[in-house]
Amino acid sequence: MKVGFGCDHVAIELKNILMEHLKEKGYECVDYGTYDPNVKANYPEYGLKVAEAVMRGEVEKGVLICGTGIGISLAANKVPGIRAAVCSEPYSARLTVEHNNANIIAMGARVVGSELAKMIVDEFFDAKFQGGRHEMRVNMISDIEKKYGAEWHE
Ligand code: RB5
């Protein structure tokens, strides 16, 4: 599976650790930045890059990291078809795939340590969407996007 990674300046070290971890497990990792910890980066830019890569099918799933994981996931979730979930423990990481069909996992580099972050991504990538009643609910999320998409800039 091809996975897109994005982060801001506070999360580069964790991003690199997780990319190495997933590469060792056979995943192809694409790094959309940022790259320099000494240059402050704005998290919406990297949330958007990875979300657009997922939306276009350049990568199948994404991993986003900022200080809390919140800002970067909020930005990614503005892209149609993106379901980015902030997770700080493995249980939610599994369930957000099984029930919400999440296509991006977000984490906070100031919230989780690297070993916990590895467990979180492992659960996320091992999990499978269960469909059924969950599919109808995920479709309801898409309906909200459709309802507001056209009028968003008015
Ligand atoms: C950067 O200081 C911080 O605001 C950012 O990494 C993130 O936590 C925002 O949600």
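Both counts, for ligands and for their atoms, begin at 1 and track the order of listing. What's counted below: heavy atoms across the whole structure, side chains too, no hydrogens, waters or symmetry copies.
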Exactly one of Leu116, Ile72, Val86, Val121 clears side chain to side chain contact (heavy atoms under 4.5 Å, CB included) with Met107, and that residue is Val121
In this structure, NZ of Lys128 is separated from CG of Asn101 (nearest 0.5 Å) by 11.5 Å
Discussion item. Tell me whether the count of non-hydrogen atoms from other residues, nucleotides or ligands lying under 6.0 Å of CE in Met119 goes above 12.
Written reply: no
**OP:** Answer with yes or no whether Arg110 contacts ligand 1, where contact means a heavy atom under 4.0 Å from a ligand atom.
**Re:** yes
Taking only non-hydrogen atoms of Val10 and a 4.0 Å limit, the atoms of ligand 1 in range are 6 (O)
Carboxylate-amine/guanidinium contact Asp122 Lys25, below 4.0 Å: yes
The atoms of ligand 1 lying under 4.0 Å from a heavy atom of Gly71, numbered in the order shown, are 10 (O)
Going by the 4.0 angstrom heavy-atom rule, the piece of Thr68 near ligand 1 is both
Ligand 1 to Asp8, heavy atom cutoff 4.0 Å, flagged ligand atoms 1 (C), 5 (C), 6 (O)
So the atoms of ligand 1 within less than 4.0 Å of a heavy atom of Cys66 turn out to be 6 (O), 7 (C), 8 (O), 9 (C), 10 (O)
task: Would you tell me whether Ser92 and Glu89 have side-chain atoms, one donor and one acceptor, within less than 3.5 Å of each other?
output: yes
If you scan protein heavy atoms around atom 4 (O) of ligand 1, the nearest is Tyr43 CE2, 4.3 Å
Taking only distance into account, with no hydrogens and no angle test, what donor-acceptor pairs under 3.5 Å do side-chain atoms of residues 57-71 form with protein atoms, sequence neighbours excluded?
unit_1, atom_1, unit_2, atom_2, d
Glu58, OE1, Tyr32, OH, 3.2
Glu58, OE2, Arg56, NH1, 3.3
Thr68, OG1, Ile70, N, 3.0

